[in-house]
K.L.:
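Quick one: structure below, then a few questions.
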Amino acid sequence: MSEQRSANVRYEIRDSAGWITIDRPAKLNALDRRTVEELVVHARAAIDDADVRLLVVTGAGDKAFVAGADIRAMAEMDPREAQQFSRFLQRSLDVLERSPKPVVAAVNGFALGGGCELALACHVRIAADTARFGQPEVNLGLIPGAGGTQRLPRLVGRGRALDLILGGEMIDAAEALRIGLVERVVPAAELAETVQEYTRRLSAKSPIAQTRAIEAVLSGSEVSLAEALRSEAALFGLCFATDDMQEGTSAFLEKRKASFRGR
Ligand code: CO8
């Protein structure tokens, strides 16, 4: 498929992954309302497209993934508008986190403020070794407002999250890997190919099992352990009603490669 382009976001399918590229390099891909709206339109289209198996979110250029919410746009807001913008961003990032298809952040540079929060809403983060992360909102007299106060501690622990949020300092990719903010770090020149290879590998697995796994992990983090374990068992049981489970187990027993169809 050829590339689709809206004002600030590009979309193309590579292999079976829908690549969403935030494309405002002159503003280090900062997120204003229009950019976020376009991101969501492309994300929803990718989720609904039967030919797309996974989503990748990245930034244009080699400097920034996303350097935050657009500070110029925020400077004009009153408290009510800021709260609405925060809810709008939160709901938009929920679309990625709640995607039934895996969502990978290919973090190619600065991931700051809302940009770090965008990466946090993705299921897996693969970063260039040149990427830098941070929640610098305190430098602006703000707090993270796009999920950072909630997703960051859940990912790296409360102490490390507060260290980042209270200090407002940036950390490099190696430190992000060390604290569990990203899952992999690769040389910048190899980021796109690494992510493409990663999406190829994930595409060969059972889509329906991946969807159920995302559901189990996400829903489980919102309830008690006992309830989460019941939910895991229910989702595990549902897998046994799928062709993919028959195919996966038969392929193993027949010593051949499984061919999953996502049903
Ligand atoms: N918003 C708007 N414009 C930006 C942003 C941003 N977040 N980041 C960079 N830009 C613009 C710059 O203003 C500049 O534009 P211009 O050339 O027109 O002056 C251009 O991008 C290039 O930036 P720099 O010249 O500053 O590039 P440097 O290489 O010197 O510095 C930095 C790179 C260090 C990344 C620097 O640009 C920077 O510190 N940016 C701001 C980072 C930041 O504070 N991000 C957090 C923003 S707050 C936030 O994200 C809150 C999220 C929650 C929102 C919830 C809703 C209310």
Side-chain angles (χ1 to χ4, degrees), residues 6-10 20-40 43 57-98 105-122 125 127-156 160-176 181-182 185 188 191:
S6 41
N8 297 328
V9 177
R10 286 188 272 128
I20 299 169
T21 303
I22 312 295
D23 190 9
R24 266 189 106 199
K27 297 292 174 193
L28 301 189
N29 304 322
L31 299 174
D32 59 5
R33 180 173 277 273
R34 179 179 194 172
T35 306
V36 177
E37 281 168 356
E38 292 177 3
L39 165 71
V40 169
V57 180
T58 194
D62 54 9
K63 194 166 171 184
F65 173 67
V66 166
D70 190 309
I71 297 169
R72 187 172 296 279
M74 282 193 300
E76 311 288 324
M77 291 176 188
D78 65 27
R80 207 179 113 264
E81 288 168 334
Q83 183 180 352
Q84 284 172 350
F85 189 54
S86 171
R87 291 299 290 150
F88 162 72
L89 265 174
Q90 290 172 352
R91 279 194 300 269
S92 301
L93 298 190
D94 278 352
V95 171
L96 297 176
E97 185 171 69
R98 306 239 156 245
V107 184
N108 56 307
F110 289 115
L112 303 174
C116 189
E117 292 168 301
L118 170 60
L120 290 169
C122 297
R125 287 147 291 278
D129 56 1
T130 50
R132 303 192 73 192
F133 296 80
Q135 296 289 163
E137 286 86 349
V138 285
N139 300 321
L140 302 165
L142 296 173
I143 67 168
T149 66
Q150 301 309 309
R151 290 197 179 101
L152 190 58
R154 283 168 168 78
L155 194 62
V156 303
R160 284 172 173 155
L162 279 169
D163 183 32
L164 283 169
I165 292 169
L166 298 178
E169 305 286 344
M170 286 189 232
I171 58 171
D172 63 18
E175 177 66 0
L181 176 46
V182 299
V185 174
L191 179 65

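One-based numbering along the sequence shown. Everything numeric here is computed off the predicted structure, so don't read it as measured data. When a ligand or atom number is given, it counts from 1 through the structure's own listing order.
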K.L.:
Taking atom NZ of K27 and atom OG1 of T35, what is their separation to the nearest 0.5 Å?
P.N.:
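Nearest 0.5 Å value for the NZ-OG1 distance: 12.0 Å.
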
K.L.:
Using modelled atom types only, decide if a donor and an acceptor are shared between the side chain of D23 and the backbone of N8 within a distance under 3.5 Å.
P.N.:
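The answer is no, because no donor-acceptor pair under 3.5 Å joins these two groups.
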
K.L.:
Taking only heavy atoms of D70, which atoms of ligand 1 are found under 4.0 Å from at least one of them?
P.N.:
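Answer, ordered by atom number: 1 (N), 2 (C).
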
K.L.:
In the protein, what heavy atom is nearest to atom 51 (C) of ligand 1, and what distance, to one decimal place, separates them?
P.N.:
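Of the protein heavy atoms, E137 OE2, 3.5 Å lies nearest.
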
K.L.:
Just distances here: any N/O of K27 and N/O of ligand 1 closer than 3.5 Å?
P.N.:
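Checking ligand 1 against K27, an N or O pair does fall under 3.5 Å apart.
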
K.L.:
Below 4.0 angstrom from a heavy atom of L140, which ligand 1 atoms are there? Numbered from 1 as shown, please.
P.N.:
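Checking each atom against L140, I get 44 (O), 47 (C), 48 (S).
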
K.L.:
Which residue holds the protein heavy atom closest to atom 8 (N) of ligand 1, what is that atom called, and what is the gap in Å?
P.N.:
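Looking at atom 8 (N) of ligand 1, the protein heavy atom closest to it is A67 CB, 3.6 Å.
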
K.L.:
Is any heavy atom of the protein nearer than 4.0 Å to atom 19 (O) of ligand 1?
P.N.:
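Looking at atom 19 (O) of ligand 1, one finds that no protein heavy atom lies closer than 4.0 Å.
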
K.L.:
Is there any N or O on I71 that sits under 3.5 Å from an N or O of ligand 1?
P.N.:
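Yes, there is a polar N/O contact under 3.5 Å.
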
K.L.:
Do any non-hydrogen protein atoms sit less than 4.0 Å from atom 10 (N) of ligand 1?
P.N.:
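There is a protein heavy atom less than 4.0 Å from atom 10 (N) of ligand 1.
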
K.L.:
Which residue supplies the protein heavy atom nearest to atom 53 (C) of ligand 1, what is that atom called, and how far is it?
P.N.:
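The answer is G145 N, 3.4 Å.
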
K.L.:
Given F85, F88, F110, which one has a non-hydrogen atom that is nearest to atom 57 (C) of ligand 1?
P.N.:
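Comparing heavy atoms across F85, F88, F110, the nearest one to atom 57 (C) of ligand 1 lies in F85.
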
K.L.:
Which residue holds the protein heavy atom closest to atom 24 (P) of ligand 1, what is that atom called, and what is the gap in Å?
P.N.:
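Heavy-atom neighbour on the protein nearest atom 24 (P) of ligand 1: L28 CD1, 4.5 Å.
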
K.L.:
Can you check whether V57 reaches F65 side chain to side chain, under 4.5 Å on heavy atoms?
P.N.:
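Of all side-chain heavy-atom pairs linking F65 with V57, at least one is under 4.5 Å.
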
K.L.:
Counting only heavy atoms, tell me which of A64, A69, C116, A75 gets closest to atom 50 (O) of ligand 1.
P.N.:
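Selected option, by shortest heavy-atom distance: A69.
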
K.L.:
Heavy-atom pairs closer than 4.0 Å: do any link ligand 1 to the side chain of A26, the backbone, both, or neither?
P.N.:
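The answer is the backbone.
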
K.L.:
Taking the side chain from S86 and the backbone from A82, do they hold a donor-acceptor pair closer than 3.5 Å?
P.N.:
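No, because the side chain of S86 does not come within donor-acceptor range (under 3.5 Å) of the backbone of A82.
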
K.L.:
Could you tell me which non-hydrogen atom of A106 sits nearest to which non-hydrogen atom of L191, and how far apart they are?
P.N.:
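Residues A106 and L191, closest heavy atoms: C-CD2, 4.0 Å.
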
K.L.:
So, the side chain of Q90 versus the backbone of A146: is there a donor-acceptor pair under 3.5 Å, distance only?
P.N.:
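No, because the side chain of Q90 does not come within donor-acceptor range (under 3.5 Å) of the backbone of A146.
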
K.L.:
Check whether any side-chain heavy atom of Q135 sits under 4.5 Å from a side-chain heavy atom of E117, and report yes or no.
P.N.:
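Yes, close enough: below the 4.5 Å cut-off.
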
K.L.:
Tell me whether L112 reaches ligand 1 (any heavy atom closer than 4.0 angstrom to a ligand atom).
P.N.:
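Contact present.
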
K.L.:
Distance-only, no hydrogens or angles: does the R10 side chain make a donor-acceptor pair with backbone N or O of I22 under 3.5 Å?
P.N.:
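No; zero donor-acceptor contacts below 3.5 Å.
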
K.L.:
Evaluate K63 for polar contact with ligand 1, using N/O atom pairs at a separation under 3.5 Å.
P.N.:
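Such a contact does occur with ligand 1.
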
K.L.:
Kindly indicate whether atom 45 (N) of ligand 1 is approached by any protein heavy atom to under 4.0 angstrom.
P.N.:
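Yes; the ligand atom in question has protein heavy-atom contact below 4.0 Å.
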
K.L.:
Hey, does G114 come in under 3.5 Å of ligand 1, counting only N/O atoms on both sides?
P.N.:
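Yes, since at least one N or O of G114 sits under 3.5 Å from an N or O of ligand 1.
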
K.L.:
Indicate whether any N or O donor in one side chain lies under 3.5 Å from an N or O acceptor in the other, for Q150 and R154.
P.N.:
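Q150 vs R154: donor-acceptor pair found between side chains.
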
K.L.:
Would you say atom 15 (O) of ligand 1 makes contact with the protein, given that contact here means a non-hydrogen protein atom less than 4.0 Å away?
P.N.:
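So far as the 4.0 Å threshold goes, atom 15 (O) of ligand 1 is in reach of a protein heavy atom.
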
K.L.:
If only atom types and distance count, is the side chain of R125 paired as donor or acceptor with the main-chain N or O of A105 below 3.5 Å?
P.N.:
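It does not hold such a pair.
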
K.L.:
Do the side chain of N108 and the main chain of D62 share a donor and acceptor less than 3.5 angstrom apart?
P.N.:
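Pair absent, no side-chain N/O of N108 close to backbone of D62.
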
K.L.:
Given the protein's heavy atoms, is any one of them under 4.0 Å from atom 30 (O) of ligand 1?
P.N.:
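For atom 30 (O) of ligand 1 the answer is no, since every protein heavy atom stays at 4.0 Å or beyond.
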
K.L.:
I'd like to know whether ligand 1 has E117 as a neighbour, heavy-atom separation below 4.0 Å.
P.N.:
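Yes, E117 has heavy atoms under 4.0 Å from ligand 1.
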
K.L.:
For atom 34 (C) of ligand 1, what's the nearest protein heavy-atom neighbour? Residue, atom name and distance, please.
P.N.:
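So the nearest neighbour among protein heavy atoms is M170 CE, 3.8 Å.
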
K.L.:
Heavy-atom contacts with L89 under 4.0 Å: which atoms of ligand 1 show up? List them by number with element.
P.N.:
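Reading through ligand 1 atom by atom, the close ones are 54 (C), 55 (C), 56 (C).
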
K.L.:
Determine, counting only non-hydrogen atoms of the protein, whether one lies under 4.0 angstrom from atom 38 (C) of ligand 1.
P.N.:
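So atom 38 (C) of ligand 1 lacks protein heavy-atom neighbours under 4.0 Å.
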
K.L.:
Would you mind listing which atoms of ligand 1 come within a distance below 4.0 Å of any non-hydrogen atom of A82?
P.N.:
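With A82 as reference, the close atoms of ligand 1 come out as 57 (C).
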
K.L.:
Would P136 count as being in polar contact with ligand 1, using the rule that some N or O on each side must be under 3.5 angstrom apart?
P.N.:
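For ligand 1, there is no N or O atom that lies under 3.5 Å from one belonging to P136.
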
K.L.:
Would you mind checking if D70 and R33 are paired as a salt bridge, meaning a charged N to carboxylate O distance below 4.0 Å?
P.N.:
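Judged by the 4.0 Å cut-off on N to carboxylate O distance, R33 and D70 do not form a salt bridge.
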
K.L.:
If you round to the nearest 0.5 Å, how far is CG of L93 from CG of L120?
P.N.:
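Going from CG on L120 over to CG on L93, the span is 9.0 Å.
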
K.L.:
Between L31 and ligand 1, which part of the residue brings a heavy atom under 4.0 Å of the ligand: side chain, backbone, both or neither?
P.N.:
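Neither; no heavy atom under 4.0 Å.
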
K.L.:
Heavy atoms, side chains only, cut-off 4.5 Å: are P144 and I165 in contact?
P.N.:
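With C-beta onward as the side chain, the pair touches.
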
K.L.:
Ignoring hydrogens and angles, tell me if any N or O in the side chain of E169 forms a donor-acceptor pair with the backbone of L164 under 3.5 Å.
P.N.:
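No, the answer is negative, given that no donor and acceptor are paired below the 3.5 Å cut-off.
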
